[in-house]
Structures are given as C-alpha cells and as structure tokens.
**Q** 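Okay, here's the structure, questions in a sec.
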Amino acid sequence: MADIANVGLTAGLSCWDRTANYRKYIQSLADNLNALESKMVELGHVYDDVNRLVSAAEGEQWIRKGDLAGWLERVDTHRKEAEKFLADGKQTMGKTFLCGLCFCNCRARYKQSKLAEAKRAGLETELALGRTFRVKDDVAYEPADLILKRNLEALHPKTDDLHSVFETVLQKVKEEEDNYRVRTHEVGCWLERVQLLEKEAQEILEQGAKEMESCQGIRQESLSQRNCTSYHELSKHAEEKRATLEEELRKGSGFTIFTYKRAEPLMVEIPLEPPTGLHSTFQEVWEWVQDAKVRCIGLYGMGGVGKTTLLKMIHNEFLKIKHDYNMAAWIVASHPPNLEEIQKAIFRKLHLPKSEWDDTSESDRAGKILSIMKEKKFLLFLDDIWDQIDLLELGIPSHNYQHKSKIIFTTRSLKICGLMQADRTKKVECLPPDEALQLFRGKVGKETWSAHAEIPKLAEDLVKECEYLPLALITIGASMASRRHLDDWKRALEDLESRPSEFEGIERVFSRLEFSYKALPNEVHKKCFLYCSIFPEDHKFQMEELIDLCIGEGFLNECDSIHDARHRGINIISSLRRACLLEEDSSGSTRRFRMHDVIRDMALWLASNRERKKKKILVQKKRRSFETKEFKMWNSAERISLWDVDQSIGDLPAKMSCSNLSTLILRNTEIVPVVFQKE
C-alpha cells in the first residue's frame with residue numbers, strides 16, 4: 001500500500017508542476033485585464049495627441065505620412081479588440097462556484113488571460129511607436145507644391161534686396177572710376193557674380209511660376225512622379241540660390257573700399273626655376289649692372305646654354321633691391337628683329353594710349369619715344385638678338401645722351417655684342433661637370449635615379465655626352481625620367497656615343513637633342529613635333545591651332561572621329577610639353593605653346609633630313625617683299641608658311657613650279673595660292 005501511495009503522490013506532484021503555467025494565467029486574469037485597460041487608457045492619450053498633431057499639419061495643407069496612417073489604423077483595431085477582450089474577461093470573472101472559492105470554466109479564463117497579456121504587449125509596441133510622433137514633420141510631409149511656393153517666396157525678396165545693394169555698390173564704383181580710380185578685384189568679382197546670380201534667380205522664379213500655374217487645382221496625390229521630381233529639384237535650386245544670395249548680400253553690404261588708385265608695378269617677377277651653375281656668372285654681371293659707368297651689357301653664347309635664364313635672374317634681382325629706375329621693359333627681339341613690335345612694347349611701357357600710337361606716323365614714333373626716354377632712367381632687357389638693332393631708330397637714347405640707364409641683351413654672337421656697342425660682354429659657358437650632373441639628376445627624378453645602382457654612373461656618362469649644355473641636360477634628363485630599366489639607360493648611352501664626338505657649332509647640339517625626338521612614343525608624335533617648326537620663331541600658337549593643322553595634314557587619320565582626333569592631339573601636345581620639346585606660356589587665359597629657338601632649329605634640321613634636303617620647309621614672317629631670286633628656293637620646298645607678308649601678286653613671277661609643295665600656310669598676306677602651279 002505504501003508503494004501505491006508513493007506512486008500516486010509522485011504522479012500528483014508531477015501533474016501539479018505541469019499545470020503551474022496554466023494556473024498562473026487562470027489566477028492572473030484580473031491582473032492582465034487591469035494591465036490591458038491601463039495600457040488602453042495610456043495609448044488613448046497618445047492617440048489623441050498624435051491626432052491633434054496630424055490635424056494641425058493637415059490644416060496647413062500638409063499630407064499625413066503613410067507610416068502614421070498605418071499606425072492610426074492599427075491603434076483603432078487594437079483598441080476595438082482590447083475593449084472586446086475586457087468585456088469578455090469581466091463576464092468570465094463573475095462566474096464562480098462553492099461560494100466564490102473556485103473558478104468556473106477554467107479553460108475560458110486561461111484563454112482570455114493569455115490573450116489579454118498578448119494584447120497588452122501589442123499595445124505597448126504601438127505606444128512606443130506613437131511616442132516617436134512628436135513634431136509635425138514626424139506625422140506629415142509638406143507637399144512639393146507648398147515647398148516650391150515657400151522657397152520661391154523666400155527667394156523673391158532676397159533677389160530684390162541684393163539688386164538694391166548691387167545698384168548702390170555699382171553707383172559708388174562708377175563715381176570713383178570717373179576720378180581715374182580702379183575698382184578693387186574683390187568688388188569687381190562681386191559685381192560680376194551678382195549679375196549672373198540675379199539672372200539665375202530670375203530664371204528660377206519664372207520657371208517656378210510656370211510650374212505652379214500649370215499644376216494649379218491638382219491634388220498633391222494626383223501629381224505625377226515627373227511633376228513631383230521637377231518640383232523638388234526646382235525647390236532645391238531655389239533654396240540653394242536663396243542661401244547664395246544671402247551670402248552675397250552680406251558681402252556687398254560690408255564693402256567699405258570700392259576702388260584704388262592704379263599703381264602698376266615697374267617690374268613683375270618672371271617665373272624661373274632655381275638656376276643651376278650660373279651663380280658666379282651672375283655675380284660678375286651684377287657688378288657691372290651696379291656700375292654707373294657701364295650702360296650696355298651683352299651676354300653671348302650658344303643656344304640653350306642659359307643666356308635667357310641669366311637675363312631673367314638679373315631682371316628679378318631688381319625686385320629685391322631699392323633703385324631709382326622709373327621705366328623697365330622686357331622684349332624678345334626674335335629673328336629678324338621686328339622694330340615695330342619693339343616700339344609698340346616700349347609705347348605700352350610708357351603708358352602711352354593706343355590712340356597716340358595710331359595717330360603718330362611711323363617716322364615720328366621714334367622721336368616721340370626718344371623725347372620721353374631721355375627723361376627716364378630706364379632698364380631695357382633685350383632677349384635673343386640675332387642682328388644689329390639701331391636703338392636710336394627705335395627711340396632709345398644712345399651713349400651720347402646719358403649713362404644713367406641700362407641695356408642688357410642676349411645673343412649668340414660676339415660680333416653682335418660689338419655692333420651693339422656693349423660696354424661689357426660675358427660669354428655664358430656650359431655648366432661645370434658637377435653642376436651639370438646636379439641639373440640632370442633633378443630632371444631625371446629621385447625614383448628613376450635610385451631605380452638601379454648603375455644608373456648614376458650611366459647618368460654621368462650621359463651628362464658628358466651632352467657636353468654639359470643646360471638645354472640638352474634638361475631635355476634628355478626629362479626624356480629619361482620615365483626609364484627605370486638599366487637596359488634603357490645603356491641603349492640611351494650607346495645612341496649618344498654613336499654621334500660625332502666633336503662639339504663644333506649648333507649641329508652638334510642638334511645631334512644631342514635629337515635623342516629626345518627619338519624617344520617620342522611613335523611616328524605620329526614625331527610628325528606633330530616636326531610640324532611645330534612651321535610656325536615662325538617665337539610664335540605662340542594655341543593648342544587648337546596646331547591640332548587643326550595636324551588633322552589637315554592627315555597625321556591623325558587613324559582616329560575614328562574628329563573628337564578622338566582632337567583628344568589625341570591634346571595628349572600629343574601634352575607629351576611634347578612634358579618632354580621639354582614645347583614650352584607652355586601661362587601668362588594669358590588661353591593655353592599657348594612655343595618652341596625654344598634651338599629646339600625649333602633642330603626640328604627644321606631634322607625635317608630637312610639633316611640638311612640633305614635644304615629648304616624643305618620655308619617659313620617667312622614680317623617681310624615687305626621678296627626678290628625674284630628668292631622664289632627659286634620655293635621650287636624645291638615641300639611646305640611653305642608665310643606670315644604677315646605684304647607682297648602684291650604683280651610682283652611675283654608669272655609662273656612658279658612647286659612640284660614638291662604639299663602644304664601652303666598663308667596668314668595675313670596678300671599672296672594667293674593661285675600663283676603656285678604644280679607641274
């Protein structure tokens with residue numbers, strides 16, 4: 001019996017344990033219903049607050065958000081279900097037996113208690129979400145048309161305010177400019193910006209008005225996606241433009257200085273890389289410059305040796321010291337010298353108006369310049385003189401007038417120094433070996449220099465083969481900058497060593513510089529480089545100008561389209577510039593290029609097959625007329641380029657045979673192609 005009782009007790013206890021969770025829900029029905037009712041009241045308050053927020057937003061024509069609308073619908077459903085649970089639960093709680101000591105229908109009580117607890121949890125979730133709806137932007141969004149309208153209304157007065165300040169600033173500037181003052185750069189840029197901004201703002205306002213008018217009366221929900229996108233983009237532009245106008249309004253209102261008295265600097269620093277190997281030469285020449293008895297200084301030497309660099313060093317040194325010179329001019333003489341252009345440059349430096357130049361005859365211009373220059377203490381820098389220049393013919397006072405001014409020039413000939421009556425002459429030599437190597441190493445670059453242990457030794461040999469000529473060092477050093485394999489350096493040295501060892505005249509320089517030409521990537525690059533020699537000496541050509549000519553010559557025929565050809569042309573010119581075969585002039589707003597005169601002479605030499613086909617390319621600039629015998633050279637020419645040639649047709653031979661002629665370039669000349677006949 002004891003065993004039976006023991007088994008029964010164990011079974012009873014096990015059953016009691018398994019029904020514990022069941023009993024908990026039955027006993028907790030009242031608590032769960034009370035908790036549910038409490039959450040319903042709490043959720044109702046939040047629901048009412050959110051509804052009031054929605055009503056306020058919709059009163060301003062905002063549109064309730066989709067997630068908010070879903071929340072309201074879910075809360076309505078939850079509340080209805082919870083009310084039913086509460087009613088059913090309270091009815092069940094009233095059913096007991098044994099004088100209330102026991103519950104009736106335990107299964108129903110269990111189910112209702114569990115549902116009440118689950119519903120309370122659901123209400124808590126919605127309650128937490130509802131509490132995140134705190135401000136108008138949480139429950140609704142401003143429709144695109146209202147945003148656009150608001151931003152346009154904010155932009156309009158800013159436009160008017162800025163225009164008012166613009167007119168005030170402009171009037172002030174004009175009043176001061178009438179007194180020969182110049183508007184400040186800051187004010188000038190501000191006026192330009194505001195003019196553009198006003199135009200852009202007006203376009204936004206007009207476009208916005210059209211958009212608003214076209215969609216008038218259409219409900220926001222009915223607007224197409226395209227219209228909504230257009231509204232949003234226009235609204236964004238209006239807001240951004242308003243902020244920009246506000247910033248410019250602040251700047252314009254803060255101006256206190258509008259103009260300044262023009263004070264053009266006597267000299268402006270000429271861009272110059274740190275020179276190598278010219279220090280001692282510079283010191284010697286600078287002593288002459290400071291000597292009041294020395295009026296004219298001639299710097300001579302072969303092409304590419306650094307004469308122009310030395311002249312720039314002297315020019316820039318004047319910016320570092322105090323002096324009493326009151327006129328300075330830098331003039332590139334070119335070959336042959338264009339006296340009219342030199343006079344024009346001096347005219348500009350004397351601040352004489354263009355009208356005075358136009359109204360003064362050619363014979364009287366020198367006298368006009370002379371009358372002013374006699375009273376000046378001037379500095380005249382003449383670069384690259386090839387022929388004697390009669391300074392008095394230009395209007396430059398000679399030695400007999402005064403000694404207080406300075407004329408410093410460069411040339412390749414000692415004879416020219418004598419003809420120009422230089423008081424002192426200095427031959428600019430090639431660099432010493434150590435300084436030449438330093439210059440070469442700088443152009444090669446650190447990475448290439450250290451790419452192989454033998455490269456520095458090969459570099460020394462290359463520098464020797466360059467005969468320490470700066471232009472050759474710069475050009476060949478730049479071409480080696482991307483060559484980091486030892487074999488490339490060995491082949492480069494072999495190429496240079498295969499040339500003549502004597503250094504006599506410019507042709508030897510061509511032989512050295514030809515290496516850079518050989519190092520160009522392909523034949524198209526080489527053709528375009530040689531073609532640059534078709535331009536006159538010191539001519540600064542635009543990138544598009546050269547590309548158009550190369551396209552016309554067919555150098556870029558392999559390109560699929562004119563766009564590809566132009567893109568290829570840009571890359572080629574950039575490559576030539578990086579190889580130091582072209583120089584870029586950055587003084588103006590348009591990119592222009594030129595060939596150094598030595599490089600150009602080399603290109604002509606190469607194009608004429610190293611002078612075996614002389615006069616293969618003829619380039620003529622600034623000539624009044626030609627003698628009949630000169631036309632004989634044209635018969636064998638393949639390319640002829642005439643610039644600013646004043647030659648009437650009647651002066652030409654009746655018939656000219658140009659059987660080899662393939663290209664004729666005429667710029668500002670009266671000669672017409674009709675007179676050239678091919679056999």
Side-chain angles (χ1 to χ4, degrees), residues 265-333 377-385 391 399 402-443 463-464 466-475 477 503 509 596-598:
L266 177 68
M267 303 169 70
V268 178
E269 183 177 6
I270 299 176
L272 182 65
E273 291 187 7
T276 300
L278 289 174
H279 179 71
S280 59
T281 304
F282 168 79
Q283 291 297 333
E284 181 180 359
V285 176
W286 185 248
E287 289 182 4
W288 299 341
V289 173
Q290 293 177 305
D291 188 346
K293 298 179 182 179
V294 177
R295 182 176 185 270
C296 186
I297 300 173
L299 308 175
Y300 73 98
M302 64 174 299
V305 79
K307 303 183 298 297
T308 300
T309 298
L310 179 59
L311 192 63
K312 290 178 179 179
M313 291 173 64
I314 297 169
H315 175 279
N316 291 346
E317 189 68 18
F318 279 99
L319 298 172
K320 305 175 184 177
I321 65 171
K322 291 183 178 181
H323 58 79
D324 56 354
Y325 292 99
N326 51 21
M327 186 273 185
W330 176 284
I331 299 172
V332 178
K377 184 175 182 180
F378 61 84
L379 287 168
L380 186 59
F381 301 90
L382 295 173
D383 188 31
D384 201 17
I385 295 179
L391 297 177
H399 284 70
Q402 36 86 359
H403 296 274
K404 60 185 178 182
S405 296
K406 285 283 188 295
I407 299 172
I408 311 172
F409 65 88
T410 66
T411 181
R412 296 188 186 180
S413 171
L414 178 60
K415 179 181 178 180
I416 296 297
C417 293
L419 294 174
M420 293 293 295
Q421 301 181 42
D423 297 313
R424 296 287 189 275
T425 60
K426 177 63 178 177
K427 182 178 181 180
V428 183
E429 304 280 2
C430 291
L431 297 177
D434 56 337
E435 294 179 346
L437 184 62
Q438 178 185 344
L439 176 61
F440 186 80
R441 180 175 180 174
K443 292 300 175 181
V463 169
K464 291 179 183 178
C466 290
E467 296 287 347
Y468 314 117
L469 179 65
L471 182 58
L473 295 168
I474 292 171
T475 305
F503 197 127
V509 178
H596 187 283
D597 49 5
V598 177

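Predicted model, so just to flag it, every value in this text is computed and none were measured.
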**Q** Might you point out which heavy atoms bring G306 and V428 nearest each other, and give the distance in Å?
**A** C-CG1, 4.3 Å
**Q** Output the distance between atom CE (M327) and atom CG (L266), rounded to the nearest 0.5 Å.
**A**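 One gets 9.0 Å once the value is rounded to the nearest 0.5 Å.
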**Q** Output a table of donor-acceptor pairs, distance under 3.5 Å, between side-chain atoms of residues 429-437 and any protein atom two or more places apart or on a different chain; print 'none' if there are none.
**A**
none

**Q** Please enumerate all residues that pass side chain to side chain contact (heavy atoms under 4.5 Å, CB included) together with Q290, with sequence neighbours excluded.
**A** W286
**Q** Output every pair passing side chain to side chain donor-acceptor pair (under 3.5 Å) with a member in residues 272-284, not counting sequence neighbours, ordered by first then second residue.
**A**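 The answer is E273-K443, E284-K426.
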**Q** Going by the rule side chain to side chain contact (heavy atoms under 4.5 Å, CB included), which residues pair with T308 if we only count those two or more places apart in sequence or in a different chain?
**A**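 Side chain to side chain contact (heavy atoms under 4.5 Å, CB included) check on T308 returns K312, W330, D383.
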**Q** Enter the distance from Q438:CD to L473:CG here, rounded to the nearest 0.5 Å.
**A** 11.5 Å
**Q** Could you list the residues that satisfy side chain to side chain contact (heavy atoms under 4.5 Å, CB included) with L419, not counting sequence neighbours?
**A**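 For L419 the side chain to side chain contact (heavy atoms under 4.5 Å, CB included) partners, ignoring immediate neighbours, are Q388, K415, I416.
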**Q** Please name the pair of heavy atoms, one in G298 and one in A422, separated by the smallest distance, quoted to 0.1 Å.
**A** N-CB, 3.8 Å
**Q** Distance from I385 atom CD1 to M420 atom CE, nearest 0.5 Å?
**A** 4.0 Å
**Q** Answer whether the closest heavy-atom distance between the side chains of V289 and V294 falls below 4.5 Å.
**A**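 Sidechains of V294 and V289: no contact.
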**Q** Of the non-hydrogen atoms in L278 and L310, which two are nearest, and what is the gap between them?
**A** CD1-N, 4.1 Å
**Q** Would you check if F378 and I407 make a side-chain contact, meaning some heavy-atom pair closer than 4.5 Å?
**A**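 The answer is yes; the side chains approach within 4.5 Å.
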**Q** Got I314 and F381 here, is their nearest side-chain heavy-atom distance under 4.5 Å?
**A**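 With C-beta onward as the side chain, the pair touches.
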**Q** Show the atom names and distances, to 0.1 Å, of all donor-acceptor pairs under 3.5 Å that link a side chain in residues 316-325 to residues at least two apart or in another chain.
**A**
from, atom 1, to, atom 2, distance (Å)
N316, OD1, I270, N, 3.0
N316, ND2, I270, O, 3.0
H323, ND1, Y325, N, 3.2
D324, OD1, K377, NZ, 2.6
D324, OD2, K377, NZ, 3.3

**Q** How long is the straight-line distance from CZ of F409 back to CG of D384, given to the nearest 0.5 Å?
**A**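 The CG atom of D384 sits 12.0 Å away from the CZ atom of F409.
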**Q** Taking atom CD1 of I331 and atom CG of L380, what is their separation to the nearest 0.5 Å?
**A**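 Between I331 CD1 and L380 CG, I get 5.0 Å after rounding to 0.5 Å.
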**Q** To the nearest 0.5 Å, tell me how far L299 CG sits from T309 OG1.
**A** 11.5 Å
**Q** For residues Q421 and C296, report the shortest heavy-atom separation together with the two atoms involved.
**A** O-CB, 4.0 Å
